[in-house]
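Order of the sequence lines fixes the chain letters, A, B, ..., with proteins taken first and strands second; residue numbering starts at 1 for each chain.
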Amino acid sequence: MSQQPTAKTASTETSVTPRATDYAQWYLDVIKRADLAEHSSVRGCMVIKPHGYAIWEKMQRELDDRFKATGHVNAYFPLFIPLSLLAKEEQHAAGFAKECAVVTHHRLKSIDGKVVVDPESKLEEPLVIRPTSETIIWDTYKGWIQSYRDLPLLINQWANVVRWEMRTRLFLRTAEFLWQEGHTAHATEKEALEETYRILDVYADFAENVAAVPVIKGHKTSGERFAGALDTLCIEGMMQDGKALQMGTSHYLGQNFAKSSDVMFLNKDGQREYVYATSWGVSTRLVGALIMTHSDDNGLVLPPKLAPIHVVIVPIFKNDAEKAKVLEEAGKVVAELKAQGLAVKLDDREGMMPGAKYYEWEAKGVPVRIEIGPKDLEKGSLCVVRRFVLEVPGETEQDQRKRKKSFVPRNEAIAGIKPLLDTMQRELLERARAFRTKRSAVINTLAEFESYFANKDAGFAWVHWAGTHEQEDEMAKRFETTVRCIPLPDQIPAEAKGTGTCILTGQPSQQRVIMARAY
RNA sequence: CGGGGCGUAGCGCAGCUUGGCUAGCGCGCUUGGUUCGGGACCAAGAGGUCGCGGGUUCAAAUCCCGCCGCCCCGACCA
């Protein structure tokens with residue numbers, strides 16, 4: 001689907017830089033044209049605009065329902081973490097030390113008409129703005145857990161966190177971001193491990209069946225593991241440029257935090273034991289994943305299940321008489337679609353050409369557009385236009401545009417919207433899967449590896465790996481690639497199964513891992 | 001923190017090299033009219049501490065010094 005850029009320059013209001021020209025610029029253009037977010041005046045922080053936030057709200061709803069269905073409840077913990085608390089778990093503190101915002105004062109003062117920090121108001125103990133909440137939560141759990149009857153404790157919170165990143169990108173990495181973080185306590189290692197995997201499945205289910213983004217479930221290597229965790233599980237997606245994106249993580253924390261916060265419980269045998277913990281999260285980064293998986297050179301493409309608006313209706317008329325009739329019919333169509341539980345928008349703005357409206361709603365990713373004009377009233381039909389169709393090789397832009405559009409008898413059209421949305425939802429996942437398959441390769445030697453990643457069409461390399469942390473760094477330096485994950489056994493395609501030898505060291509390897517460039 | 005770039009109307013920019021009329025252009029915005037099945041047109045308008053602070057000069061968006069902010073590339077990361 002390589003659309004021609006219009007004669008107008010990219011990054012004006014009216015066009016998007018084609019992906020083939022500059023993928024990074026395309027990404028920014030899509031966000032701008034779809035009106036999802038913008039840079040704020042605060043370094044590294046973004047403003048999520050209503051349309052972008054609406055997508056996040058849909059994600060929240062879907063995820064929250066799944067968390068509740070697996071027995072979790074929501075709560076809220078403070079934004080501030082006393083420095084001494086953060087420092088309790090050594091590895092954890094070390095992992096986040098370089099990216100913490102710290103509050104040191106609690107008052108401002110006006111001096112010579114200038115507002116400054118009052119030096120008199122220095123805090124006795126600095127407060128760290130949470131980069132994640134393990135420490136404050138485990139400090140709190142200490143008071144909640146006494147016996148095995150208090151377990152498991154299954155709590156989630158929706159919150160913002162701050163990580164003072166050096167380089168930021170809208171949605172993918174910002175200094176402040178929104179996320180959910182689950183923190184659970186269990187009586188046994190087995191239960192905690194089960195929880196870690198259960199949540200991973202929830203994430204994968206959400207990614208594939210709601211966001212229509214195929215993911216691979218796996219373990220992180222020790223180098224990429226969450227600071228303080230014994231094991232980090234993740235879901236990894238592939239973006240349209242072949243790069244990997246970590247879309248969610250689920251950590252098995254063992255007894256690390258229980259020990260550092262001294263959280264013990266009395267088991268059935270009357271013995272005191274440290275509890276076992278998990279934590280897990282997904283963030284607004286998912287919006288970035290959505291953009292980079294489905295969208296095209298016309299702007300945003302959304303899976304219907306996450307589209308804030310399912311159907312936009314554009315009325316067409318030449319004079320007041322036509323306008324009255326068309327709007328009357330449009331009103332009826334809106335009502336009938338809403339009665340089906342669909343989110344419908346009637347775009348009755350005046351003084352705007354219909355074509356301009358089409359482009360705008362396409363850029364915003366609305367899955368279906370219905371055009372209603374005098375001719376439709378005559379024929380008793382509706383013009384139904386899909387946001388995308390699956391590509392046919394060699395097809396011209398004109399032909400594809402025709403294929404997106406159909407004229408359908410009115411009632412049939414209205415009844416057909418839901419099935420159409422289901423079809424589109426399914427097609428997006430299929431298309432993304434096919435893309436990932438095309439851009440994945442089983443690779444056996446370093447030479448092969450090198451030539452694979454020298455190619456622009458590189459993606460996921462399935463390789464045997466038995467290297468150390470340092471050797472991973474070496475691969476990163478040479479090829480800009482990292483081990484994205486050590487896939488779970490059932491995630492490995494047939495052609496990549498089996499044992500072998502490490503592509504770097506030649507040492508025996510039990511299974512293949514995924515190496516790729518990553519965001 | 002290192003390298004690069006940029007700050008002029010809501011957005012995108014020109015002007016700066018070589019100081020000089022009232023600081024311009026495109027988009028957007030407002031009003032009126034004609035349009036309306038893939039990005040309309042005409043006319044009339046509104047909108048500016050030229051990032052901030054000093055300095056040089058008769059005169060600074062333009063030259064000099066200092067500061068601030070943002071973006072891009074690298075080291076850190078969801």
Please give me every residue in residues 230-241 of chain A whose heavy atoms get under 4.0 Å of an atom in RNA chain B, ordered by residue number. none
Would A/Y358 count as stacked on B/G38 if the rule is ring centres under 5.5 Å and plane angle under 30°? no
Identify whether the distance between the nearest side-chain nitrogen and carboxylate oxygen of A/R369 and A/E362 falls below 4.0 Å. yes
Taking only residues two or more places apart in sequence, or in another chain, which ones meet A/R61 in a salt bridge (charged side-chain N to carboxylate O under 4.0 Å, His left out)? none
B/G10 pairs with which nucleotide, Watson-Crick or G-U wobble, both distances below 3.5 Å? B/C27
Run the side-chain donor-acceptor check on residues 87-104 of chain A: report pairs under 3.5 Å with partners two or more places apart or on a different chain.
unit_1, atom_1, unit_2, atom_2, d
A/E89, OE1, A/Q91, N, 3.2
A/E89, OE1, A/H92, N, 2.9
A/H92, ND1, A/A227, O, 3.1

With no hydrogens and no angle check, is any side-chain donor or acceptor of A/T70 less than 3.5 Å from a backbone partner on A/F67? yes
Compare the minimum distances between each of B/G39, B/G38, B/A78 and the side chain of A/K405, then state the nucleotide with the smallest one. B/G38
The correct set of residues in residues 372-381 of chain A placing a heavy atom under 4.0 Å from RNA chain B is A/G373, A/P374, A/K375, A/D376
Residues touching RNA chain B, which here means a heavy atom under 4.0 Å, drawn from residues 467-481 of chain A: none
Of A/R225 and A/G355, the one whose closest RNA chain B nucleotide lies more 5': A/G355
Contacts of type side chain to side chain contact (heavy atoms under 4.5 Å, CB included), residue A/D201, not counting sequence neighbours: A/K217
Among A/W56, A/F77, A/W179, find the one that has a ring pair (Phe, Tyr, Trp, His ring centres under 6.0 Å) with A/W158. A/W56
Please determine, for B/C76, whether a Watson-Crick or G-U wobble partner exists with both distances under 3.5 Å, and give it or none. none
For A/C383 and for A/W164, find the nucleotide of RNA chain B with the closest heavy atom, then tell me which residue's nucleotide is more 5'. A/C383
